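First up is the structure itself, then whatever we jot down about it.
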Protein chains: 2
Amino acid sequence: MAQRGSYAKGVARREEILESALEVIGRDGYQNASLKQIAHVVGVTPAALLHYFGTKEELFTEVLRKRDEHDGMDPRLAGLADPSQGLLDVIRHNTEVPGLVELFSRLAVDAADPAHPAHAYFLERSERLREAVAAGFHRDATREPALDPDTMARVLQAVADGLQLQWMIDPTVDMAVIVEQLIDALAPRRR
Amino acid sequence: MAQRGSYAKGVARREEILESALEVIGRDGYQNASLKQIAHVVGVTPAALLHYFGTKEELFTEVLRKRDEHDGMDPRLAGLADPSQGLLDVIRHNTEVPGLVELFSRLAVDAADPAHPAHAYFLERSERLREAVAAGFHRDATREPALDPDTMARVLQAVADGLQLQWMIDPTVDMAVIVEQLIDALAPRRR
DNA sequence: GTCTATACTCTGATAGAC
DNA sequence: GTCTATCAGAGTATAGAC
């Protein structure tokens, strides 16, 4: 329903806009990423952006979805023997794209409003992520978690998000090391 | 330097503005708290607000400072035999003022920019909070932390902030219970 | 379907009158 | 000291050109 043959140009433009938005946000940060700026990079007017995404908030929500797609979030978190490794990989990678961390955190706050287009995104993502982490610990026989899997997953998600806030304000904070110590303390390896 | 005798009216107005802003934000949420809205409640024009605080960002930063003042954050976190109780009290209280939680989280993101007026606020607050928590665990002989006090404090701060993000999107999340379970798992009581 | 031109509203901010 | 009048910029809605 979305793309037939003759809509090829539109689909390409859509992708181009998302990529440009990713680039502008990564480079100039979120606050300077106005519709005008992004439109200028694409070589188009702000209204053209709204033609494809309807609203600025929806555009940014799609940017986050594209990011998850790029990162292959699911396979990385779901497929490993040691579930903590996938999480640590994601955390280390985020260190290299501060603008996207900013966008993610900013929308996480705005999405508190149920009417915000990212509201559903965060609910779904959160659930998927927790299921993957919980399943990982359930599967991993080498560790012995001190908390039930769902609480464990919720705590890890909270720590990862909260450390990002600390890291944005003070980049010397080493997120990966702290999460690693926490996991080892909370789910020690059996022996 | 800030207040001499003849500026009494100005000082009073300043306080009035902060109290009204606290009330409006706590009740109606952050997103509708424009300068115009706040000014309307106080009974002045938006320009009057800027006369006292210079910029919107500085006004909101002062609102957060006033909140800490109201809550008596330091004594609550620093003075107790069991350091976890103070933290849990703060978390439970935050449940009743969602607008302020929203404001706090939003500014925590914006303050990533070192030029933002709240940047220094978050750095200082974060350090004070971690020192209080670390000192509390150091003093508490009934618990045996599995992590060094500073990492412990950083983790608890991150969990508290991260859970607020989850709670804003899904208010059924019980922040206090999760933090309580985490503390018991991470710093079990001796016996 | 794709996009420009234009205009409208709201925002935070400034200059200057009282 | 305080606030009115005004400003430039944001995001958005509409009409209509290609």
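By convention in this document, chain letters (A, B, ...) are assigned in the order of the sequence lines, proteins followed by strands, and residues within each chain are numbered from 1. Everything quoted here is computed from the prediction, not taken from an experiment.
- Across dT2(C), dC3(D), dT4(C), the shortest atom-to-atom separation from the side chain of Tyr52(A) is found for dT2(C).
- You'll find that the side chain of Ala47(A) is closest to dA5(C), out of dA5(C), dG11(D), dT11(C).
- Leu35(A) places its CG atom 9 Å from the C1' atom of dT12(D), with the value rounded to the nearest Å.
- Using a 4.0 Å cut-off, no side-chain N or O of Arg13(A) falls inside it from OP1 or OP2 of dG1(C).
- As a whole-Å value, the separation of Gln31(A) CD from dG9(D) C1' is 15 Å.
- OP1 or OP2 of dC3(C) has not a single side-chain nitrogen or oxygen of Arg14(A) nearer than 4.0 Å.
- Contact between the side-chain N/O atoms of Thr45(B) and the OP1/OP2 oxygens of dT4(D) is found at a separation under 4.0 Å.
- The closest side-chain donor-acceptor pair between Thr61(A) and Arg65(A), if any, does not fall under 3.5 angstrom.
- Dashed line: the shortest gap from a side-chain N or O of Lys36(B) to OP1 or OP2 of dG12(C) is not under 4.0 Å.
- Ion pairing between a basic and an acidic side chain is recognised when a charged N comes within 4.0 Å of a carboxylate O; Arg27(B) and Glu23(B) show such pairing.
- At whole-Å resolution of the value, CZ in Phe53(A) and C1' in dT2(C) are 14 Å apart.
- Atom NE2 in His51(B) sits roughly 19 Å away from atom P in dG12(C) (whole-Å rounding).
- Regarding Phe60(A), its CZ atom lies at a distance of 8 Å from the P atom of dG11(D), rounded to whole Å.
- Residue contacts for Leu50(A): at a heavy-atom cut-off of 4.0 Å it reaches a base atom on one of the strands shown.
- In summary, Arg143(B) and Asp184(B) engage in a salt bridge, as defined by a charged side-chain N under 4.0 Å from a carboxylate O.
- Separating the CD atom of Glu57(A) from the P atom of dT12(D) is a distance of 7 Å, rounded to the nearest angstrom.
- His40(A) has its NE2 atom 17 Å from the C1' atom of dC3(C), to the nearest Å.
- Contact annotation: Lys56(A) does not reach the phosphate of dT12(D) (side-chain N/O to OP1 or OP2, under 4.0 Å).
- Distances shorter than 4.0 Å separate some side-chain N or O of Thr55(B) from OP1 or OP2 on dA13(C).
- One interatomic measurement links the two molecules: CG of Leu59(B) to P of dT11(C), which rounds to 15 Å at whole-angstrom precision.
- Ion pairing between Arg13(B) and Glu16(B) holds under the 4.0 Å rule for side-chain N and carboxylate O.
- Taking the ring centroids of Tyr30(A) and Phe104(A), they lie at or beyond the 6.0 Å cut-off.
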